[in-house]
Amino acid sequence: MDKSEPHLHFFCGKIGAGKSTLASKIAGDSKAILINEDHWTSTLWPGEITNLKDYGEKSTRLKKALWPMVSQVLQTGTCVVLDFPANTISQRRTLKTLIEMADVPHTLHLLDTSDEICKSRLRVRNASGDHQYEVTEEQFEQFSSFFEPPSSEEAFNVKVWPCLE
């Protein structure tokens, strides 16, 4: 049986930047497994994530549970698209652990989208009711205040995406 080339994709961009849209496209184009954090957290803890502290605790627990399995999937030769934010140094540090555990190539997709466009997309997304979480402008500002674009010192393979329509 031939083994394919595994690859780990993950994303950096503010809420509403288009991370999930791009993740779905990459997963479909590369026939990769897509793992979406919002799906998992909203399914495991419905209504329990209402602020940044709740998100941090639940996200950390989810990563501790999933990373060993994701590493095994990658080691079978399967590509994985992690629709988990890599928006802070701390979040990227946990992803670096996964990369080292699985020992596979990776791409950090950085979405360069203005706050105005992100907020506009959030208003549309919130009105549609199709997303697991409704994000207020205040929550956008709170989460965005922690946003740290990746630096070259972090040594990730970064692909920068201009604003996606």
Side-chain angles (χ1 to χ4, degrees), residues 4-41 49 51-119 121-122 132-133 135 139-165:
S4 62
E5 288 294 317
H7 197 94
L8 177 65
H9 297 271
F10 51 99
F11 304 85
C12 181
K14 294 181 180 178
I15 300 170
K19 296 182 301 296
S20 294
T21 300
L22 181 58
S24 293
K25 179 177 178 3
I26 291 170
D29 291 349
S30 62
K31 295 184 173 64
I33 292 176
L34 174 62
I35 303 173
N36 177 290
E37 182 182 48
D38 287 343
H39 165 77
W40 282 89
T41 57
I49 298 177
N51 57 51
L52 196 54
K53 181 178 182 262
D54 294 340
Y55 167 74
E57 290 171 356
K58 303 297 195 265
S59 179
T60 298
R61 287 174 60 192
L62 182 60
K63 289 171 191 168
K64 284 180 182 177
L66 287 180
W67 272 199
M69 186 257 324
V70 172
S71 177
Q72 289 179 340
V73 168
L74 287 161
Q75 290 169 355
T76 69
T78 304
C79 292
V80 174
V81 177
L82 277 181
D83 188 3
F84 281 63
N87 292 341
T88 67
I89 292 169
S90 176
Q91 287 172 328
R92 290 190 294 274
R93 210 174 284 129
T94 66
L95 287 159
K96 185 69 90 171
T97 302
L98 175 58
I99 293 165
E100 291 167 358
M101 186 185 322
D103 191 27
V104 296
H106 71 275
T107 303
L108 169 55
H109 299 272
L110 174 61
L111 286 85
D112 185 16
T113 309
S114 72
D115 287 2
E116 294 75 29
I117 291 174
C118 290
K119 289 177 185 178
R121 290 176 178 172
L122 280 175
Q132 294 94 336
Y133 295 104
V135 178
Q139 289 168 323
F140 172 85
E141 295 296 339
Q142 181 185 26
F143 277 80
S144 294
S145 71
F146 293 96
F147 182 80
E148 303 167 294
S151 68
S152 58
E153 292 81 33
E154 292 178 89
F156 287 106
N157 301 321
V158 178
K159 180 173 182 176
V160 179
W161 294 82
C163 181
L164 303 172
E165 291 301 322

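Being a predicted model, the structure only gives us computed values, none of them experimental.
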J.: Would you call Leu62 and Thr41 a side-chain contact if the rule is heavy atoms closer than 4.5 Å?
T.: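 The answer is yes, as the side chains (C-beta and beyond) meet within the 4.5 Å cut-off.
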J.: Whether the Asn157 and Thr107 side chains hold a donor-acceptor pair (N or O, under 3.5 Å, no angle test) is what I'd like checked.
T.: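 The answer is no; no qualifying pair exists.
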J.: What verdict does the side chain to side chain contact (heavy atoms under 4.5 Å, CB included) test give for Asp112 and Trp161, after you've listed the backbone C-alpha separation in whole Å, the side-chain angles of each residue and the deciding distance to 0.1 Å?
T.: CA-CA 6 Å; Asp112 185 16; Trp161 294 82; over 6 Å; no
J.: Using a 3.5 Å distance criterion without hydrogens, assess whether the side chain of Thr78 forms a donor-acceptor pair with backbone atoms of Leu74.
T.: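 Here the side-chain-to-backbone pair does not exist.
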J.: Please check if the distance between the ring centroids of Phe156 and Phe10 is under 6.0 Å.
T.: yes
J.: Could you give the distance from CD1 (Ile49) to NZ (Lys58), rounded to the nearest 0.5 Å?
T.: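 That separation rounds to 6.5 Å.
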J.: So, for Pro150 and Leu110, which heavy atoms are closest and what is the spacing to 0.1 Å?
T.: CD-CD1, 4.0 Å
J.: Side chain to side chain contact (heavy atoms under 4.5 Å, CB included), that's the test. Do Arg92 and Ile89 meet it? Break it down for me.
T.: CA-CA 5 Å; Arg92 290 190 294 274; Ile89 292 169; 3.7 Å; yes
J.: Going by atom types only, do Thr88 and Ser90 share a side-chain donor-acceptor pair under 3.5 Å?
T.: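 No pair is found: no donor N or O on one side chain lies under 3.5 Å from an acceptor on the other.
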J.: Between Pro85 and Glu37, is there a side-chain heavy-atom distance shorter than 4.5 Å?
T.: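 Yes; the side chains approach each other to less than 4.5 Å.
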J.: Grab the two heavy atoms, one from Ala86 and one from Leu95, that are nearest each other, plus how far apart they are.
T.: CB-CD1, 3.6 Å
J.: Starting at SG of Cys12, measure out to CD of Glu154 and round the result to the nearest 0.5 Å.
T.: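 Spacing of SG (Cys12) from CD (Glu154) equals 8.5 Å.
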J.: Any carboxylate oxygen within less than 4.0 angstrom of a Lys/Arg side-chain nitrogen, looking at Asp115 and Lys14?
T.: yes
J.: Do Ser20 and Asn36 make a side-chain contact, defined as non-hydrogen atoms from C-beta onward lying under 4.5 Å apart?
T.: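 Sidechains of Asn36 and Ser20: in contact.
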J.: Check the pair Cys118, Ile15 against side chain to side chain contact (heavy atoms under 4.5 Å, CB included), reporting the backbone distance first and the verdict last.
T.: CA-CA 7 Å; Cys118 290; Ile15 300 170; over 6 Å; no
J.: Hey, what do you get for NE2 (His9) to OG (Ser30), rounding to the nearest 0.5 Å?
T.: 5.0 Å
J.: As an exercise, state the distance from OG of Ser144 to CZ of Phe146, rounded to the nearest 0.5 Å.
T.: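 The distance works out to 10.5 Å.
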J.: More than 12 heavy atoms of other residues, nucleotides or ligands under 6.0 Å from CG of Asp29: yes or no?
T.: yes
J.: For the residue pair Ile35 and Leu66, establish whether any side-chain heavy-atom pair is separated by less than 4.5 Å.
T.: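 Side-chain contact under 4.5 Å: yes.
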J.: Where do Leu22 and His109 come nearest, in terms of heavy atoms and distance?
T.: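 Where Leu22 meets His109 most closely, the heavy atoms are CD2-CB, 4.1 Å.
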J.: Please report the interatomic distance CG(Asp83) to OG1(Thr21), rounded to the nearest 0.5 Å.
T.: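 Reported to 0.5 Å precision, the distance equals 9.0 Å.
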J.: Taking Ser71 for its side chain and Trp67 for its backbone only, find out whether a donor-acceptor pair lies under 3.5 Å.
T.: no
J.: Quick one: closest heavy-atom pair of Leu34 and Ser24, and the distance?
T.: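 Where Leu34 meets Ser24 most closely, the heavy atoms are CD2-OG, 3.8 Å.
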J.: Hey, are Glu141 and Lys119 close enough for a salt bridge, meaning a charged N less than 4.0 Å from a carboxylate O?
T.: yes
J.: Could you go step by step and tell me if Lys96 and Glu100 meet the salt bridge (Lys or Arg N to Asp or Glu O under 4.0 Å) rule?
T.: CA-CA 6 Å; Lys96 185 69 90 171; Glu100 291 167 358; 5.7 Å; no
J.: For a side chain to side chain contact (heavy atoms under 4.5 Å, CB included) check, start with the C-alpha distance between Leu52 and Gln142, then their side-chain angles and the critical distance, and finish with the verdict.
T.: CA-CA 8 Å; Leu52 196 54; Gln142 181 185 26; 3.9 Å; yes
J.: What are the two closest non-hydrogen atoms of Phe11 and Leu108, and how far apart are they?
T.: C-CD1, 4.0 Å
J.: Where do Thr113 and Ala17 come nearest, in terms of heavy atoms and distance?
T.: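 Thr113 and Ala17 have their closest heavy atoms at OG1-O, 3.2 Å.
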J.: Do side-chain atoms of Thr94 reach the backbone of Gln91 as a donor and acceptor pair under 3.5 angstrom?
T.: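 Side chain of Thr94 to backbone of Gln91, a donor-acceptor pair under 3.5 Å: yes, one is there.
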